[in-house]
Amino acid sequence: MTPEKPARPAPKCPVCGRPSVAEAKPFCSDRCRQVDLGRWLTESYVVPGPPPGNDDDAED
Ligand SMILES: [Zn+2]
């Protein structure tokens, strides 16, 4: 049997894809952490709401 799973999985920075560091887990640097945080805040501003359903079909 040859388990191909690495003994120590290296988590990648979700922002730039570089190997993360323990100091800024799971990011590679504090900067990327800020970037990710900014993304969350930005996405919070633009909340995709459901389109207005003015499809009032009169049953005639
Ligand atoms: Zn990064």
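For ligands, and for the atoms within them, numbers begin at 1 and follow the listed sequence. Numbers for residues simply follow the sequence, beginning at 1.
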Legend entry - Verdict with reasoning, Val15 to Arg39, per side-chain contact (heavy atoms from CB on, under 4.5 Å): CA-CA 10 Å; Val15 176; Arg39 280 184 185 177; 4.2 Å; yes
Legend entry - Residue of the set Cys32, Ser29, Pro11, Pro14 for which side chain to side chain contact (heavy atoms under 4.5 Å, CB included) holds with Ser20: Pro11
Inset, instruction - May I ask you to decide whether Arg33 forms a salt bridge with Asp30, counting only side-chain N to carboxylate O separations under 4.0 Å? - result: yes
Inset, instruction - Give, for atom CZ of Arg31 and atom CG of Asp36, the distance between the pair rounded to the nearest 0.5 Å. - result: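 Result: 15.0 Å between the selected atoms.
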Legend entry - Side-chain touch Pro26/Cys13, heavy atoms, less than 4.5 angstrom: no
Inset, instruction - Would you kindly confirm whether Val21 and Phe27 end up in one hydrophobic cluster when ILVMFWY residues are joined by side chain heavy atoms under 4.5 Å apart? - result: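 No, separate clusters.
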Legend entry - Total protein N, O or S atoms, the Zn ion (ligand 1), separation less than 2.8 Å: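 For the Zn ion (ligand 1), the figure is 4.
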